[in-house]
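The next block holds one structure in the form of structure tokens; read it before the comments.
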Amino acid sequence: MGTIAQAAAESGIPAYRVRQLCKTGQVRSVRCGRKVLVNLSSLAAWMQGDAEPTQQPGIRRVGI
């Protein structure tokens with residue numbers, strides 16, 4: 001996990017594009033306060049063309 005700035009620096013992708021990928025659910029991420037933490041392995045998989053199942057951002061209901 002890393003911040004958007006760290007993910008952009010390590011991948012070479014602009015920060016605005018990393019933000020878009022997180023917002024659309026193409027790359028896994030979580031919000032921690034005001035920061036967004038990016039799953040770096042998910043970003044690497046996206047860069048290699050591996051399709052991960054897209055998730056809708058936000059809270060989802062879980063059956064118990």
Side-chain angles (χ1 to χ4, degrees):
M1 299 296 275
T3 63
I4 289 182
Q6 291 170 339
E10 289 184 22
S11 66
I13 298 174
Y16 76 89
R17 181 66 176 135
V18 174
R19 222 175 268 109
Q20 285 177 338
L21 292 170
C22 293
K23 193 171 187 176
T24 60
Q26 293 176 321
V27 172
R28 294 178 189 254
S29 64
V30 293
R31 182 169 288 279
C32 183
R34 293 182 62 173
K35 292 187 178 197
V36 175
L37 298 177
V38 181
N39 185 320
L40 299 176
S41 58
S42 176
L43 180 60
W46 178 84
M47 289 177 63
Q48 293 176 355
D50 296 340
E52 282 196 26
T54 57
Q55 288 184 319
Q56 294 295 331
I59 299 173
R60 63 184 175 95
R61 186 178 195 118
V62 179
I64 298 179

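Keep in mind that this is a model prediction, so the values were computed, not measured. Atom set for the values below is all heavy atoms of this structure, side chains included, hydrogens, waters and symmetry mates excluded.
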Donor-acceptor pairs under 3.5 angstrom involving side-chain atoms of residues 29-37: please list them, not counting sequence neighbours.
none

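- Distance check: Gln48 CD to Leu43 CG gives 10.0 Å after rounding to the nearest 0.5 Å.
- Tyr16 shares a hydrophobic cluster with no other residue; no ILVMFWY side chain has heavy atoms under 4.5 Å from its own.
- Scanning for side-chain contact (heavy atoms from CB on, under 4.5 Å) contacts around Ala15 gives Ile4, Ala8, Arg19, with sequence neighbours left out.
- Between Thr24 and Leu21, the shortest heavy-atom distance links the atoms OG1-O, 3.3 Å.
- Scored by the side-chain hydrogen bond (donor to acceptor under 3.5 Å, both in side chains) test, Arg17 finds Gln20 as partners (sequence neighbours excluded).
- Taking CG of Leu40 as the start and OG of Ser11 as the end, the distance is 8.5 Å to the nearest 0.5 Å.
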Check against side chain to side chain contact (heavy atoms under 4.5 Å, CB included), Val18 and Val27
CA-CA 8 Å; Val18 174; Val27 172; over 6 Å; no

